[in-house]
Amino acid sequence: MGSDINRRDLIKRAMAVGLVAAPSAALLSACATSGGSSDNSTAPAGKTSATNPLGVKKGVALEAFIFKGGFGDDYVKNAEKDYKATYGVTVKHTGTQSLGPKLQPRFAGGTPPDIMDNSGADNLDTASLASQGQLADLTPLLDAATIDDPAKKVRDILVAGTIEQGQYGTSAVYALNYAFTVYGTWYSQKLLADKGWAYPETFDDMIKLAATIKAAGIAPFTYPGKYPYYVHFDLFAQIAKVGGKEAINAIDNLEDGAWQTDAVKQVVAYYEELAAKGYFLKGSEGMTHIQAQTAWTKGKAAFIPNGSWVENEAAPTMPADFKLGVGATIGTGSSDKLPFGTVRAAAGEPFIVAKQGKNPEGGMELLRIMLSKKNAQAFTKSLKSLTCYAGAEEGLTLTPGLTSASAALKTAGSNVVNPRLADWYPTLSNETIGGATGQLLTGKITSAEWIKRAQKGADATKKDSSIKKFKHS
């Protein structure tokens, strides 16, 4: 997901996990669609062939807008070099941390770029774009042959769940989430080992450990208070662990009373207790994600909620012997519907292609090139993150954080959760509920008030006919 969410789409950009890779406000809710419902693209189609299954015409310009967050944008530039070698054009590339403000008027005016990495806090609302007919269905890409093996389709090499992550209520696929993100509570394995602290399995044990950590002069937790929805990477997964996947699915589906269950009450009460006992690093409420991560890597806090992109994003301040690790989702204990070992993971870093771009086929082809084994392995080696290309990392020497994330996924087995609220209803998740989360963590509201606000926001979203609704199948 990029550096500001879920990617995760969390972010968004694995959601994700997305991830994060995860999105922010519905920036396009009031946009004019400017012909976005048309089935005709403006790209002059080329002839298809075994090596050009999408019919990309040589010499046609291609424009890419890429979120330059935790993963940077060099990995896309590398693929663009391969695109130039084949199709004879230099991709017009813009790396940015603010897609929404720059691209909203372009979509409204009917002049969007061809391909975008739609991640970060200021991203576009993919769900709104899809419902407005602004995005190309990526099914032709999924049905195209891979770069490495013409006998395999792109869909055949993707990690399970990647295709579903890009769907918004229909069989059409409007986003290809490139990174595969593991979300959770991240920490220094060296710190815990040196102090003799064991990663806990329950809320009660975490509260006890937090008291010990605080007594040692270290804050148990930090978080980016300017983007408090980062805490949802843990909080939403914990609801699923305690109440089962049906509990988080009910929340995603906007079901009546979904925020008023015992599972939600137990999870939110845990955060209320952490806040009441002063277990968050002072000043966290005013920090960006980078500031919170820097405080954490410098040993001011033991734990931080984040996605696996953090290993690359925090690398400039992370000590060489930090030995990054991620903990499984914790809950109330043996009564939880899902076992300890459950993790939140999803494809993140969502790439979208504009239907009204000048070269949507070229945008899909760039994604096909990025899904070559060469480019997927280069991404993992340089950025310390998995891709949605299943098994592309095999044979590589993995970093501590990536090793820990891979081990967590292996342990989880089928107990992997992927909440979709931030993908489907970003304003509700990141602004309405995220704002309440920020106040909960500073002790300004109680867990009961948090739940009341979350339910009220969900009910309002459900009743708003202007917001397209989605449901788990």
NZ (Lys462) with more than 12 external heavy atoms under 6.0 Å: yes
How close do Trp259 and Ile451 get, heavy atom to heavy atom, and via which atoms? O-CG2, 3.0 Å
Assign the ring pair Phe221 / Phe303 to parallel, tilted or perpendicular, where the plane angle (0 to 90°) is split at 30° and 60°. tilted
Is a side-chain donor-acceptor pair under 3.5 Å present for Thr399 with Glu311? yes
Any donor-acceptor pair under 3.5 Å from Lys469 side chain to Ile467 backbone: yes
Kindly assign one of parallel, tilted or perpendicular to the pair His472 and Trp424, based on the angle between their ring planes and the thresholds 30° and 60°. tilted
Are the side chain of Asp137 and the backbone of Ala172 linked by a donor-acceptor contact shorter than 3.5 Å? no
Result for side-chain hydrogen bond (donor to acceptor under 3.5 Å, both in side chains) between Gln439 and one of Glu285, Arg453, Lys444 points to Arg453
Is the closest side-chain heavy-atom distance between Thr461 and Asp464 below 4.5 Å? no
Is it the case that atom NZ in Lys102 sees more than 12 heavy atoms from other parts of the structure closer than 6.0 Å? yes
Given Tyr168 and Phe470, is the ring pair (Phe, Tyr, Trp, His ring centres under 6.0 Å) satisfied, shown in steps? CA-CA 6 Å; Tyr168 292 82; Phe470 308 99; 5.6 Å; yes
Could you check whether any side-chain N or O of Ser188 sits under 3.5 Å from a backbone N or O of Phe322, counting only pairs where one atom can act as donor and the other as acceptor? yes
Which heavy atom in Pro200 sits nearest to a heavy atom in Asp205, and how many Å separate them? CB-CB, 3.7 Å
Using the side-chain hydrogen bond (donor to acceptor under 3.5 Å, both in side chains) rule, take Thr222 and Ser284 through it: C-alpha gap first, then chi angles, then the decisive distance, then the call. CA-CA 6 Å; Thr222 187; Ser284 292; 2.8 Å; yes
Glu313 CD to Thr297 OG1 distance, which is reported to the nearest 0.5 Å: 11.0 Å
Identify the two heavy atoms, one from Gly299 and one from Ile218, that lie closest to each other, and give their separation to 0.1 Å. O-CG2, 3.7 Å
So how far is it from Tyr187 OH to Lys323 NZ, rounded to the nearest 0.5 Å? 9.5 Å
Grab the two heavy atoms, one from Thr329 and one from Val343, that are nearest each other, plus how far apart they are. OG1-CA, 3.8 Å
Would you sort out whether Arg420 and Asp252 count as a salt bridge (Lys or Arg N to Asp or Glu O under 4.0 Å), showing the intermediate values? CA-CA 6 Å; Arg420 298 301 305 276; Asp252 291 343; over 6 Å; no
Within the structure provided, determine whether Pro113 and Thr94 are in side-chain contact (heavy-atom separation under 4.5 Å). no
Main-chain N/O of Ala302 paired with Trp296 side-chain donor or acceptor, under 3.5 Å: yes
Looking only at heavy atoms, which two atoms of Phe233 and Ala237 are closest? And how far apart? O-CB, 3.8 Å
Is the distance from the ring center of Phe379 to that of Tyr178 below 6.0 Å? yes
Parallel, tilted or perpendicular, judged at 30° and 60°: which one describes the rings of Phe351 and Tyr75? perpendicular
Minimal heavy-atom distance between Trp450 and Thr437, with the atoms involved, is NE1-OG1, 3.0 Å
Do the non-hydrogen side-chain atoms of Gln238 and Ile330 ever get within less than 4.5 Å of each other? yes
Does Lys245 NZ have over 12 foreign heavy atoms under 6.0 Å away? yes
Test item: Trp186 side-chain N/O and Asn306 main-chain N/O as donor-acceptor pair under 3.5 Å: yes
Would you kindly say whether Trp197 and Asp194 are connected by a side-chain donor-acceptor distance under 3.5 Å? no
Among Leu129, Asn123, Leu124, Asn118, find the one that has a side-chain contact (heavy atoms from CB on, under 4.5 Å) with Leu103. Leu124
